[in-house]
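Remarks on the structure that follows.
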Number of protein chains: 2
Amino acid sequence: MSIKGNSRSLFLLVMDKIKSDIESGKLRPGERLPSEAELSKQLGVSRATLREALRLLEEEKIVIRRHGVGTFINSKPVFSGGIGELFSVTDAIERQGYTAGTMILKTSFEESAEEERKRLSMKPGEGVLMIERIRTADGLPVVYCIDRIPAHLAPEGYSAGGESIFTWLESTTGIRITYAVAEIKPMGYNEKVSNLLHCDRSTPLLLLEQIHYDENERPILYSHNYFRADKIHFHVVRRRM
Amino acid sequence: MSIKGNSRSLFLLVMDKIKSDIESGKLRPGERLPSEAELSKQLGVSRATLREALRLLEEEKIVIRRHGVGTFINSKPVFSGGIGELFSVTDAIERQGYTAGTMILKTSFEESAEEERKRLSMKPGEGVLMIERIRTADGLPVVYCIDRIPAHLAPEGYSAGGESIFTWLESTTGIRITYAVAEIKPMGYNEKVSNLLHCDRSTPLLLLEQIHYDENERPILYSHNYFRADKIHFHVVRRRM
DNA sequence: AACAGGTAAGACGTCAGACCTCTATTTCCT
DNA sequence: AGGAAATAGAGGTCTGACGTCTTACCTGTT
């Protein structure tokens, strides 16, 4: 069997193949992979190439290798990468077992402020599309979101109700957001936000201030997410470098 | 020249060597590395081993490889990985431009509580070493730390003043902490903690509740870090998976 | 002189096969 | 039965070769 079908590097194809075999259930957690010699023959690649793929899979904790013993599919899909994984707010809510909903408060084109131009690398005079929404979990408001996008990237305006901004951007402009840098800022009571989220002085809030970038490192989306900390919390996987 | 001095895997030593050459300035951003054939000869390892190291360095964006061209030191160290990088509290304080200090409040061996046994995978009856400290920035208290370690991993007790728990653990027990999972919990005013950190009701606090693991995925250290959110803040790099 | 195309050098990508080292098991001796 | 030694088989490393891609240079034409 060979998996060659060149477009990406071979070792990447090998990684994809193994990953998809795990997801499809052909390989199950804890199971031992065939030996490197055997597996490389099965995949139709050299052992060196297979080893580059396995080394990366090991780095990602998808696989565990033990000298003299074998290579195993990691049983615990580790921790969900937590907040280190970039997902939409909708996903975040659903992962914690609630049903997600959205209320759009306002969408408008506006002049860009200094702060926005700085974060989004915009020139004076360019406008921004601003979207204010409240996300709900089981009907209760838990997140207040303000998203800003340079106007020239958002020609048609944002209308769809529940649709994720990520998917909307990708389908209308082809821009794919690949990563974000988030600042984590705890906040005390804030009149406007606390009211919107129906919580009182004793409920701590968490602000996630994020800049999202596409594959070319262009800043695309600047967002403020205010969370009710009693309903939503985050974890981070921290790795030693 | 050879870098062998076996303890860790060869490819890891190669990675360390290249990283340290970057940090020491022997290799500068944008510079091209010698060819793989040349470099492997210089380091005294095979090209296959060198390539495993380079592949991982590429994954970490430390190095950029271009087919047919060469391997280059990445010029933009991207963003500091932020809180996604595991570093000591001391480092975190110094990165923000303050001078770090430590005050030990208490160290004691205690019975393990249910919660601690759960987090650290301990059996009933095992004790824990508990360390309470306050970390200061320019003399001001900014972090209150409670660290717990299974007693059998901490035979001699923790005495050294400024020493990092990480380095102390590694030098006395050989245990090397490689990653941690942190929960981020904003907190309002808390009488004990707020007093220790000399702040009032209006200062939000951030609790970083972490479990540290070694290379074998054994939980080693369970720590609570309470931060003054006005003095210290975090960012996370979030990647799409 | 300017341009286009061909060619060759050198880089990373992949391959094949060998040997080393470590682990777990089996075998054998006491 | 128990422990020591041999063994099989896994990952770890090495060597040398060839493939593919970039780049730079050389050359011939306009």
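Proteins get letters first, then strands, A, B, ... in listed order; numbering begins at 1 in each.
Classified by interplanar angle (parallel below 30°, tilted 30° to 60°, perpendicular above 60°), the ring pair B:Tyr179/B:Tyr213 is parallel.
Between A:Ala37 and B:Ala48, it is A:Ala37 whose nearest contact on DNA chain D lies nearer the 5' terminus. Residues A:Thr49 and B:Glu36 both approach DNA chain C. Their nearest nucleotides, taken by heavy-atom distance, put B:Glu36 toward the 5′ side.
Put simply, CG on A:Leu54 is 16 Å from C1' on C:dT14, counting in whole angstrom units. Regarding A:Arg66, its CZ atom lies at a distance of 14 Å from the C1' atom of C:dT25, rounded to whole Å. Straight-line distance from the CG atom of B:Leu13 to the P atom of D:dC14: 11 Å, rounded to whole Å. Between the CZ atom of B:Phe72 and the C1' atom of C:dG10 there is a distance of 12 Å, rounded to whole Å. Between the C1' atom of C:dA9 and the CD atom of B:Glu38 lies a distance of 16 Å, rounded to the nearest Å. Rounded to an integer number of Å, the gap from A:Arg65 CZ to D:dG9 C1' is 16 Å. Protein atom CG of B:Leu39 is 14 Å distant from nucleotide atom P of C:dG13, rounded to whole Å. Across the protein-nucleic acid pair, B:Leu50 atom CG and D:dG12 atom P stand 17 Å apart, rounded to whole Å.
Checked against side chain to side chain contact (heavy atoms under 4.5 Å, CB included), B:Ala100 has the following partners two or more places apart in sequence or in another chain: B:Thr90, B:Ile93, B:Glu94. Residues that satisfy the side chain to side chain contact (heavy atoms under 4.5 Å, CB included) test with B:Ser20, not counting sequence neighbours, are absent from this structure. For the side-chain hydrogen bond (donor to acceptor under 3.5 Å, both in side chains) test, no residue two or more places apart in sequence or in another chain qualifies with A:Asn225. Remark: A:Glu183 pairs with A:Lys185, A:Glu209, B:His233, B:His235 by the side chain to side chain contact (heavy atoms under 4.5 Å, CB included) rule, at least two apart or across chains. Listed by chain and residue number, nothing satisfies the side-chain hydrogen bond (donor to acceptor under 3.5 Å, both in side chains) test with B:Ser223 (two or more places apart in sequence, or in another chain). Checked against side chain to side chain contact (heavy atoms under 4.5 Å, CB included), B:Leu105 has the following partners two or more places apart in sequence or in another chain: B:Met103, B:Glu132, B:Ile134, B:Tyr144, B:Leu196. With sequence neighbours excluded, the residues that form a side-chain hydrogen bond (donor to acceptor under 3.5 Å, both in side chains) with A:Glu58 are A:Arg55. In this view, A:Glu116 and A:Arg148 satisfy the side-chain hydrogen bond (donor to acceptor under 3.5 Å, both in side chains) rule, not counting sequence neighbours.
Side-chain proximity of A:Val69 to D:dG11, C:dA24, C:dC12: nearest is C:dA24. Relative to the side chain of A:Val45, the nucleotides D:dG11, C:dC15, D:dC14 differ in distance, and C:dC15 lies closest.
For CD of B:Glu111, the number of neighbouring non-hydrogen atoms (other residues, nucleotides, ligands) closer than 6.0 Å is 12 at most.
Under the salt bridge (Lys or Arg N to Asp or Glu O under 4.0 Å) criterion, the residue pairs touching residues 25-35 of chain B are B:Asp21-B:Lys26, with sequence neighbours excluded.
Across its full length, the helix from C:dA1-D:dT30 to C:dT30-D:dA1 shows an angle of 10° between the axes of its 5 terminal pairs at either end, rounded to 10 degrees.
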Please tabulate the protein-to-nucleotide N/O contacts below 3.5 Å involving nucleotides 4-7 of chain C, giving atom names and distances.
none

For nucleotides 17-21 of chain C, give me every protein contact, N/O to N/O, under 3.5 Å, one pair per line with atom names.
unit_1: C:dA18; atom_1: N6; unit_2: A:Arg47; atom_2: NH1; d: 3.2
unit_1: C:dT21; atom_1: O2; unit_2: A:His67; atom_2: NE2; d: 3.0

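Counting any heavy atom pair closer than 4.0 Å across all strands shown, A:Arg51 reaches a base atom.
An OP1 or OP2 oxygen of C:dC12 is reached within less than 4.0 angstrom by no side-chain nitrogen or oxygen of B:Arg55. Applying the 4.0 Å criterion to OP1 and OP2 of C:dC15, one finds that A:Ser46 has a side-chain N or O inside that range.
To the nearest 0.5 angstrom, A:Leu120 atom CG is 7.0 Å from A:Ile211 atom CD1.
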